[in-house]
Amino acid sequence: MVRFKNRYVLCEVISEDPRCRQCIEDRAVGLAIREAIGRVHGDYGLACCSISFTVKYLNAYTGTVLLRCRKDSHRLLCSALPFVRQLESRNQRYPCALNTLHVGGTIRTCQKFLIQYNRRQLLTLLQNCTNEEERRCIQKSLLSCSLKEEQSQSGDEEDDGTE
């Protein structure tokens with residue numbers, strides 16, 4: 001049996017409209033990315049990326065998106081992400097952009113990167129605090145940044161990130 005290697009792309013939805021993040025759905029993100037791949041790379045790129053492309057995780061509150069694709073086509077996917085300019089949800093279009101944060105071989109490496117990224121963002125916020133109450137809340141959030149072990153993990157999470 002042949003094992004297919006995947007790549008996981010961690011992205012951030014950047015939007016000026018605060019309603020955009022609360023209204024996004026994984027289906028809308030997937031369709032917008034597929035349309036961008038079709039525009040940039042044509043039918044060939046769309047076929048290559050569509051084989052195992054899925055939106056594995058979407059956090060609407062933070063705007064974090066985790067995408068999975070085959071290892072062979074992850075460069076096509078990453079090159080098309082800057083061309084996503086809007087997300088359509090519930091018959092409304094929200095202008096936005098996708099910022100690629102990390103490309104990893106496993107979901108776990110992406111989780112570790114996201115924890116470190118969030119920690120750096122919180123430290124930046126801590127430096128810009130105006131009062132002591134904000135400072136305490138951010139310090140509490142910083143102390144709670146950790147990755148907890150789970151007993152049951154699916155096979156997707158255990159894939160080896162090496163080539």
Side-chain angles (χ1 to χ4, degrees), residues 3-41 45-46 48-89 94-126 138 141-163:
R3 190 180 117 212
F4 294 107
K5 292 189 177 184
N6 295 312
R7 287 291 174 254
Y8 297 89
V9 181
L10 185 65
C11 300
E12 175 183 36
V13 178
I14 299 171
S15 176
E16 293 177 8
D17 187 6
R19 294 176 297 162
C20 177
R21 285 189 178 172
Q22 274 70 34
C23 295
I24 58 174
E25 300 170 343
D26 55 349
R27 188 177 70 243
V29 172
L31 286 174
I33 293 172
R34 282 188 180 97
E35 287 175 6
I37 293 170
R39 281 193 316 264
V40 175
H41 299 292
L46 187 58
C48 287
C49 291
S50 292
I51 293 172
S52 71
F53 174 76
T54 57
V55 177
K56 293 298 281 183
Y57 173 74
L58 171 71
N59 188 336
Y61 182 71
T62 61
T64 306
V65 180
L66 184 66
L67 308 169
R68 183 189 76 189
C69 68
R70 287 262 173 96
K71 180 183 173 188
D72 300 337
S73 60
H74 82 277
R75 287 194 175 111
L76 294 173
L77 173 67
C78 290
S79 65
L81 289 177
F83 295 97
V84 175
R85 293 289 170 213
Q86 63 185 4
L87 294 176
E88 188 172 340
S89 180
Y94 300 101
C96 68
L98 290 178
N99 180 26
T100 303
L101 299 175
H102 181 72
V103 178
T106 63
I107 292 177
R108 183 139 177 99
T109 59
C110 291
Q111 286 175 333
K112 288 179 181 180
F113 175 83
L114 187 59
I115 289 169
Q116 293 300 319
Y117 177 77
N118 286 338
R119 188 173 284 155
R120 285 191 303 268
Q121 296 291 349
L122 286 171
L123 285 172
T124 304
L125 285 174
L126 186 62
I138 292 174
S141 297
L142 271 170
L143 293 174
S144 69
C145 287
S146 67
L147 184 61
K148 296 191 168 98
E149 292 286 329
E150 290 186 355
Q151 295 297 332
S152 63
Q153 294 179 338
S154 68
D156 288 342
E157 297 170 347
E158 294 297 322
D159 287 346
D160 186 23
T162 60
E163 295 185 24

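For the atom pair CD (Q111) and CD (Q116), the distance works out to 13.0 Å, reported to the nearest 0.5 Å. To the nearest 0.5 Å, the span separating OG1 on T109 from CZ on R7 amounts to 8.5 Å. Atom CG of residue L76 and atom SG of residue C48 lie 6.0 Å apart, to the nearest 0.5 angstrom. Here the straight-line distance linking atom OG1 of T64 with atom CG of L101 works out to 7.0 Å at 0.5 Å rounding.
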Verify side chain to side chain donor-acceptor pair (under 3.5 Å) between E12 and Y117, making sure each step is shown before the conclusion. CA-CA 11 Å; E12 175 183 36; Y117 177 77; 3.3 Å; yes
Apply side chain to side chain contact (heavy atoms under 4.5 Å, CB included) to the pair V13 and L98, showing each step before the final yes or no. CA-CA 5 Å; V13 178; L98 290 178; 3.6 Å; yes
Pair L66, I107 - check side chain to side chain contact (heavy atoms under 4.5 Å, CB included), show working. CA-CA 8 Å; L66 184 66; I107 292 177; 4.0 Å; yes
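The closest side-chain heavy-atom distance from V29 to D26 is not below 4.5 Å. In this structure, the side chains of V103 and L10 stay at 4.5 Å or more apart for every pair of heavy atoms. The side-chain heavy atoms of I33 and L67, taken from C-beta on, include a pair separated by under 4.5 Å. Under the 4.5 Å side-chain criterion, counting only non-hydrogen atoms from C-beta, R34 is in contact with S50. In this structure, Y8 and N6 have side chains that are in contact, with non-hydrogen atoms separated by less than 4.5 Å. Side-chain contact between N118 and I115 is absent, with no heavy atoms from C-beta onward closer than 4.5 Å. Taking the side chain as every heavy atom from C-beta outward, L46 and H41 never approach each other to under 4.5 Å. For the pair S73 and C49, the minimum side-chain heavy-atom distance is below 4.5 Å.
Remark: the backbone N or O of V9 is not paired with any side-chain donor or acceptor of H74 at under 3.5 angstrom. Proximity of a side-chain donor or acceptor of R39 to a complementary backbone N or O of F83 within less than 3.5 Å is detected. Side-chain atoms of R85 come within 3.5 Å of backbone N or O of P82 as a donor-acceptor pair. Checking side-chain atoms of S52 against main-chain N and O of R70 turns up a donor-acceptor pair under 3.5 Å. Looking only at distances, a side-chain donor or acceptor of T124 sits under 3.5 Å from a matching main-chain atom of R120.
A 6.0 Å sphere centred on CZ of F113 holds more than 12 heavy atoms belonging to other residues, nucleotides or ligands.
Among I37, T100, V65, N99, the single residue meeting the side-chain contact (heavy atoms from CB on, under 4.5 Å) criterion with L81 is T100.
Between A36 and A80 the shortest heavy-atom distance is CB-O, 3.7 Å.
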